[in-house]
Amino acid sequence: TFKDDIKPEVTTFSHSIKELLGYDDIQNDDFWKLHPDDSSMIHSVLVNMKKGIADESSYRIKHHDNYWVKVKTHFIPFDNEFVTITHKLS
C-alpha cells in the first residue's frame with residue numbers, strides 16, 4: 001500500500017512487461033501489486049523521487065499467475081516525472 005498519495009501513475013509500459021509479469025494489457029493498479037514486506041522500502045524510494053533524487057531498489061511484485069517476481073528497479077527523475085528501468089533478478 002502507498003502512503004500520502006505518493007502512489008505513482010505509470011503511463012507507458014515496455015513490451016517486456018508481459019514477459020516480466022505476465023500481463024497482456026497492464027493497468028496501473030496491476031503493476032503496483034507489491035509484496036507487503038517491501039512496500040515501506042518502495043515508499044521511501046518514491047519520496048526520494050518526488051525530491052528529484054535518483055534511487056534504486058530490489059523488491060517483489062505479483063505476477064499475473066499469482067507468484068512473486070523479484071525485480072530491481074532504477075528510478076530516474078526526468079522532467080518532473082520519472083523513468084524506471086526494471087529487470088528480473090534470479
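The figures here come from the full heavy-atom set of this structure, side chains too, leaving out hydrogens, waters and symmetry mates.
The heavy-atom pair separating G52 from P77 by the smallest distance is O-CG, 3.3 Å. Contact between D38 and R60 at its shortest, heavy atoms only, is OD2-N, 2.8 Å. Between S57 and M41, the shortest heavy-atom distance links the atoms OG-SD, 3.3 Å.
Distance CG/L21 to CD1/I61: 5.0 Å, rounded to 0.5 Å. With rounding to the nearest 0.5 Å, the separation of NE2 in H35 from CD1 in I42 is 12.5 Å. With values rounded to the nearest 0.5 angstrom, Y59 atom OH is found 7.0 Å from L34 atom CG.
N48 contributes no side-chain N or O that, together with a main-chain N or O of D55, makes up a donor-acceptor pair within less than 3.5 Å.
Residues passing the side-chain hydrogen bond (donor to acceptor under 3.5 Å, both in side chains) test with N66, sequence neighbours excluded: K62. S58 pairs by the side chain to side chain contact (heavy atoms under 4.5 Å, CB included) definition with K70, K72, L89, not counting sequence neighbours.
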Next item on the list: Dump the intermediate steps for side-chain contact (heavy atoms from CB on, under 4.5 Å) on I76 and I85, then the final yes or no.
Entry: CA-CA 8 Å; I76 305 158; I85 301 170; 3.8 Å; yes

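Using a 4.5 Å cut-off on side-chain heavy atoms (C-beta onward), V69 and L20 make contact. Annotation: side chain of H43 is in contact with side chain of V47 (closest heavy-atom distance under 4.5 Å).
Tested against F75 for a side-chain contact (heavy atoms from CB on, under 4.5 Å), the candidates V83, T86, V45 yield a single pass: V45.
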